[in-house]
Chemist: 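Dumping the structure here so I can ask a few things about it.
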Amino acid sequence: MSENVVHLHKPTDPPTGDTAPTVLTVVPDAAPVRPVPLWVRSGRTVKAVATHETTRAAAQAAARHSLYTFNGGRIVARRAWDGRTGARYERMIRAAEAAGNLEAAEEWEERLQRFRAARHHRRMDLLHSPVEAAKGAAVGAGMSIGVLVALGVVMAINTGQVSDVVTPLSATVDFIALLIRIVQVVWGPALSVGPFLALLALWSVGRKQHAAPAWALPANVRNGEGEPITPSIVVKALRDLGVPALRNAIKEMGDAGASMLGPITIAGCGVEVDVTLPSGVSTIEVQNRRRKLAENLTRHEHEVFITIPTAARTVRLWVADSGALDEPIGPSPLVTDDTMTADYTKGKAPWGQDLRGDAAALSLYQRHLLITGLSNQGKTVALRSLALWLSLDRSVQFLMGDLKGVGDWAMFDGLATTLIQGPTDEHVIQVTEMVEGAVDEMNRRIQAPPGTVFPPLIVLVDEAQVAFMCPAKDADKRPYGGSKANSRYFMAVRKIHNQGRAVNVLMWQGTQDPTNENLPKLVREGAHTRASLALGTESQARMALGDKAVDGGAAPNLLRPGLDQGTLVLASSGIAIPAGQSSITVRTHYIDDDAAEAITDRAKALRDGVTTLHAIDRSVEHDPLADIATVIGDAPRVRTKDVLARLAARNADAYGDWSFIDLKRVLDDAGAEPHKSDGVMVVSRDRVVRALANRDGEGSASAE
């Protein structure tokens, strides 16, 4: 029901002599405004006060400090009870029995028996202690009085005053009276302040143990930021993991759940601890709950790694310091030490650091290599850093194909024998023919006399998935890509995997997003060293590293794309992996393009000069002497075996089967015979150039 509003106003007609009367008009109000009841306003005020941040903080502080005191009393009482009874030993016995360690249970039972025997002996002594104490007090008092009297006699003899005999005795009595008066004065305040001091002590114990619910704790404690890893924290994290058998076993152990833990040791930027699981709990149950375990330890998932050591029913936890894995690891020794050289046979490439903070060095000797991962995770940089180190060994030769073609490998121009860069089908064809040329070189080496030592030949293909997925076919309708028996790239890689290692012809590949289509199974399993950066799924991790590594705890699919760039999981016999583990996590050094160019400049200075081919010449017509001059380049002399290798890489059809006799025949006919230099057969550039000039001159003269 609407109310009426009364308006007071005067009429608007022209006034007459008298003042116009005031007129009252009643106007109905269509939207009346009701006053807010007092109890509603009071409720809103109470709610605002109750939900205010200051009020909530005050309530949390009051609850927190009250519970600190209460739970501190419980902790002190529990410690006192453990000290006076055998409860601690009984918990240890139950823990050992739950863990299935009967020897430890027997040892703790013996300790409990010794504790009970000693306690019984102390209690029997208490029966005789009052009499013994009274006798001791009487004897002590008598001796003290005798000493005081004797001292008084000496003083009396010295002073000649007989009254000095009782002076020491009276002084002692006065001192005792003074102590009694002091106690009388202090006793009253002590009785008043004592309970408050006791409560303060209990509060201090509770505060150190954070003995309050999580909602009442301060934000920094509640979030656990920077909280150190202690045995109690690990046990609680395992107890709350959601494994019933594990939770029940820990409950039976009581506080002795820490008996499952080995020593917590500092390991790089974190800590490491071995956990022996109780009977009925499998290691896979803990591995499958990595995220929950990390959150229980107040860490992010990527800051906790779970591996399986050699001991049965044991998991090894590595827990990083908060935020430590987000910090860079520093420059590569290849950048900081400009005197570093490489040794393919005995050396190891400085690749980065493991999670313990130790240097991670990888041996490349006679090991095929595969690095995979999602796009833009640092795959090319990780692969390139290995090639940069190996380039500092002047005996190593490179055949390189970059199927991305954006210049990531451009600094190897003048260092690699062949360098093909580009993403098109034509580039895939060129790379395939390059790999097939390496197969021909491998076959030539295999047919060499036993005991022949061959220089390392690294056949490197980056973005190899482009080659496997290439739809192009040759004139015989054989596909360049794919994974069938007639696939040219696939079969060339397989041949090198099968026999190349024995003659130092090695296949290195980098590929993205491994699947059966872009990385066939036989190629994956042919690599001795398999590494993976961040991946999307566990199935991809199994393709990249193999089932054994993933079952042993390797999880590149749990790395954070975009955040863990350069961090990879590695399975290889070429790196030191902790005993019992099948893989290791490595944070690789980042070497940018400018630093990479500086390293390759040093590598080029170690060599006589390399002419890099940017396309494979498969023409039928060829000129052996001109080709020899081309592969020698600007070097004054090149060893004959290097000339043969470069010729085979340039044109495997023409020179793949060449031996030293074939090379010597061509040079002898041209008058550019090979000769010895420092005990090694070499080909002189000047002789070859002179022979070419003479031949061309003779050809011109005959034409005339």
Side-chain angles (χ1 to χ4, degrees), residues 98-100 229 231 233-250 257-262 264-265 267-268 270-320 325 354-356 373 514 530-561 564 567-572 577-587:
I229 300 299
I233 290 177
V234 176
V235 171
K236 290 178 182 177
L238 294 170
R239 182 193 64 194
D240 300 334
L241 203 54
V243 181
L246 180 59
R247 180 180 62 251
N248 295 335
I250 293 176
S259 61
M260 298 189 305
L261 309 183
I264 297 179
T265 58
V271 296
E272 191 173 72
V273 59
D274 284 356
V275 181
T276 303
L277 301 175
S279 178
V281 182
S282 67
T283 55
I284 192 65
E285 291 180 284
V286 178
Q287 281 185 298
N288 290 341
R289 291 170 171 81
R290 176 185 172 189
R291 173 174 294 183
K292 190 169 186 179
L293 178 62
E295 292 173 350
N296 291 346
L297 293 169
T298 64
R299 295 295 190 274
H300 297 291
E301 183 179 12
H302 71 277
E303 294 176 329
V304 175
F305 288 82
I306 305 174
T307 54
I308 309 299
T310 53
R313 215 172 63 239
T314 302
V315 294
R316 177 168 296 161
L317 306 181
W318 184 86
V319 185
L325 294 183
D354 61 15
L355 295 178
R356 301 175 65 92
R530 300 169 69 174
S532 176
L533 293 104
L535 290 174
T537 64
E538 181 180 331
S539 63
Q540 290 178 330
R542 292 184 181 276
M543 291 180 185
L545 299 177
D547 292 337
K548 180 180 179 181
V550 175
D551 292 338
N557 53 299
L558 296 180
L559 295 173
R560 302 168 298 167
D564 291 325
T567 299
L568 53 79
V569 183
L570 174 67
S572 173
I577 297 178
Q581 296 180 201
S582 57
S583 64
I584 187 173
T585 301
V586 176
R587 304 173 68 197

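Values reported hereafter were calculated over all heavy atoms of this structure, with side chains retained and with hydrogens, waters and symmetry mates removed. One-based numbering along the sequence shown.
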Chemist: Would you name the heavy atoms of Leu568 and Ala531 that are closest together and state the gap between them?
Modeler: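 Nearest heavy atoms, Leu568 then Ala531: CD1-CB, 4.1 Å.
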Chemist: Is any side-chain heavy atom of Val275 closer than 4.5 Å to a side-chain heavy atom of Leu317?
Modeler: yes
Chemist: What are the two closest heavy atoms between Ala294 and Val304, and how far apart are they?
Modeler: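 Looking at all heavy atoms of both residues, the closest pair is CB-CG2, 3.6 Å.
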Chemist: Are Val243 and Val286 close enough, and set up right, to give a side chain to side chain contact (heavy atoms under 4.5 Å, CB included), and what steps lead you there?
Modeler: CA-CA 8 Å; Val243 181; Val286 178; 5.6 Å; no
Chemist: For the atom pair CZ (Arg530) and CG (Leu570), what is the distance rounded to the nearest 0.5 Å?
Modeler: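 Going from CZ on Arg530 over to CG on Leu570, the span is 11.5 Å.
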Chemist: Rounded to the nearest 0.5 Å, what's the gap from CD on Gln540 to OG on Ser532? Could you check?
Modeler: 8.5 Å
Chemist: To the closest 0.5 Å, what do you measure between CZ (Arg316) and CD1 (Ile306)?
Modeler: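 Interatomic distance, Arg316 CZ to Ile306 CD1, rounded to 0.5 Å: 13.0 Å.
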Chemist: Decide side chain to side chain contact (heavy atoms under 4.5 Å, CB included) for Ile250 and Lys236; before the verdict, give the C-alpha distance in whole Å, the side-chain angles of both, and the deciding distance to 0.1 Å.
Modeler: CA-CA 9 Å; Ile250 293 176; Lys236 290 178 182 177; over 6 Å; no
Chemist: Among all residues two or more places apart in sequence or in another chain, which pass the salt bridge (charged side-chain N to carboxylate O under 4.0 Å, His left out) test with Arg239?
Modeler: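 Applying salt bridge (charged side-chain N to carboxylate O under 4.0 Å, His left out) to Arg239 gives none.
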Chemist: Is the shortest heavy-atom distance from the side chain of Arg560 to the side chain of Thr567 under 4.5 Å?
Modeler: no
Chemist: So which heavy atom on Leu293 is nearest to which on Ala237, and how close?
Modeler: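 It is CD1-CB, 3.9 Å.
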Chemist: Considering residues at least two apart in sequence or located in another chain, which fulfil the salt bridge (charged side-chain N to carboxylate O under 4.0 Å, His left out) criterion with Glu272?
Modeler: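 Partners of Glu272 by the salt bridge (charged side-chain N to carboxylate O under 4.0 Å, His left out) criterion, ordered by chain and then number, come out as Arg356.
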Chemist: Let me confirm one number: the CD1-CG distance from Ile233 to Asn296, rounded to the nearest 0.5 Å.
Modeler: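 Result: 11.0 Å between the selected atoms.
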Chemist: Quick check: closest heavy atoms across Met260 and Pro278, and the distance to 0.1 Å?
Modeler: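 The answer is SD-CD, 3.7 Å.
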Chemist: So which heavy atom on Pro556 is nearest to which on Ala541, and how close?
Modeler: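 For Pro556 versus Ala541, the nearest heavy atoms are CG-CB, 3.6 Å.
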Chemist: With side chains defined as the heavy atoms from C-beta onward, is the minimum distance between Ile308 and Val315 less than 4.5 Å?
Modeler: yes
Chemist: Rounded to the nearest 0.5 Å, what's the gap from CG on Leu535 to CG on Asn557? Could you check?
Modeler: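 Leu535 CG to Asn557 CG: 7.0 Å, rounded to 0.5 Å.
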Chemist: What salt bridge (charged side-chain N to carboxylate O under 4.0 Å, His left out) pairs are there with at least one residue in residues 275-294, not counting sequence neighbours?
Modeler: Arg291-Glu301
Chemist: Could you grab the distance from atom OG1 of Thr314 to atom CG of Leu277, nearest 0.5 Å is fine?
Modeler: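 It comes to 6.5 Å.
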